[in-house]
Amino acid sequence: MVLKPFKSKTIIEPFRIRSVEPIRFTTMQERQKLLKEAGYNPFLLKARDVLIDLLTDSGTGALSSGQWSGMLESDESYAGSSSFYKFETAVREITGFKNVIPTHQGRAAENILFTTVAGKGDVIPNNTHFDTTRAHVEHNGAEARDLVIPEGREPQTIHPFKGNMDIDALEETIESVGTSKIPIIMLTITNNSGGGQPVSMANIKAVSEVAKKHGIPFFIDACRFAENSWFIKTREKGYADKTPMEIAQEIFSCADGCTMSAKKDGMSNIGGFLALNDDNLAQKCRSLTILTEGFPTYGGMAGYDMEAVAKGLYEALDEGYLRYRIRSAAYLGEKLVDAGISIVQPTGGHAVYIDAKKTLPEIPPLEYPAWSLVNALYLLGGVRAVEIGTVMFGLQPDGSEKAASMELVRLAFPRRVYTQSHVDYLAEVIIAAYEQRDKLTGYRIVEAPNVLRHFSARLEPIGS
Ligand code: F0G
């Protein structure tokens, strides 16, 4: 009997489930009450009242049996624990960087790096700074300058690498600011604030060459380096036959160092690192690590956290996993586009972003259309997403309010947590909200702090 090989159309979850975590169903009536009590702010909901939680992909993933077994073997010694050496070996193998400094999460690595290199009047170019990166740059008196290509700012424009840096703009910035005022150049892969969009290898190399030419160190914000490697493999000429590991190694070989939140492509619930080649700079960074994080062989992590990251970094580079991961976002994106819903295209790695400005044109930006859609998703289906729009970015330093450039709803996928049926359900909820879009109202802020207001603001629907 000679059977023709079978090629499946369905990309299945590359794992089976051995430990389950029940999720809790609530009625729409209950959710109405819960949302009101939370000041119409999904950040203030209890997680147990959420059915599908897409607030973030950060630290929310499922650990593998391999990670759990490593965690049981952890060494909790204060100095020189074997868990640290496993962690260091993994980071060195993937990034090639000589000095590996563990931190409790990504922003701690940013704090150490920018406190050490940046000062008043400096400018840090990046494709797009993530919020915490920007905050650390600014906290040190420097300016965070976003130089993503123009396509990266246009939700509907299709481009394979919308996270690319605008190389001409980078050259112009160096020309006008002067190399002495640019302590480092950064590149965020993938570009989270721009829709989880990847950066091409050609662009990474171009940034690296510009940095070298001017003698400026080049650092990568590597949170989603494995997802970015997958996009290079599947979209960039010459990389189809390379493994994600080889591509990741090639990416890092272009840079002098990186900051990393292991809560993303470290597949861990907590952790991060700063890795770099320059011994002098590393020495300065280690001193600060002792001050703010802990001894440089644990840097704010438990031994078992370092074990989880040491294994997780390799698991994030597994082809079967990456195929499933990137497909999940594309699958939801296709369903939404088929239903006529505007999203940031093409879908990125870790999330799908709905364009709320296009979806709810009747709601003016200062009445927060993306926020309104986020709340509708919770009310209709118990889904928690996050607004990336005027509530998050609209408050100006002088207290006035300005519409954000985009009104997006981000649906971020925790790693290895949800299955295809969860995604099918999600699509149904979003489409149901879209079909009733004429009933959605704007919101007004009732009370809010002066900084990072979206986390704790209380709002109310207009006209209720
Ligand atoms: N850089 C990028 C690109 C990020 O997406 C994040 C976190 C950080 C740095 C900071 O890392 O949270 O470990 O301190 N992003 C999360 C998110 C919070 O929801 O996108 P952290």
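Ligands are counted one by one from 1 in listed order, and the atoms in each one are counted from 1 as well.
Residues that satisfy the side-chain contact (heavy atoms from CB on, under 4.5 Å) test with A433, not counting sequence neighbours, are L373, A376, L377, L380. Residues forming a side-chain contact (heavy atoms from CB on, under 4.5 Å) with C223 (at least two apart in sequence, or on another chain): D221, S261, K264.
Ring pair F161/F231: centre-to-centre distance not below 6.0 Å.
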*Where do N228 and T190 land on the side chain to side chain donor-acceptor pair (under 3.5 Å) test, with the steps shown first?*
CA-CA 6 Å; N228 202 98; T190 56; 5.5 Å; no

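By the 4.0 Å N-to-carboxylate-O rule, K86 lies too far from D75 to be salt-bridged with it.
Annotation: side-chain hydrogen bond (donor to acceptor under 3.5 Å, both in side chains) contacts involving residues 283-292, sequence neighbours excluded, comprise N99-R286.
If you look at ligand 1, the protein residues with a non-hydrogen atom under 4.0 Å away are T56, S58, Q105, G106, R107, E110, F130, T132, T188, N192, D221, C223, R224, S261, K263, K264, R410.
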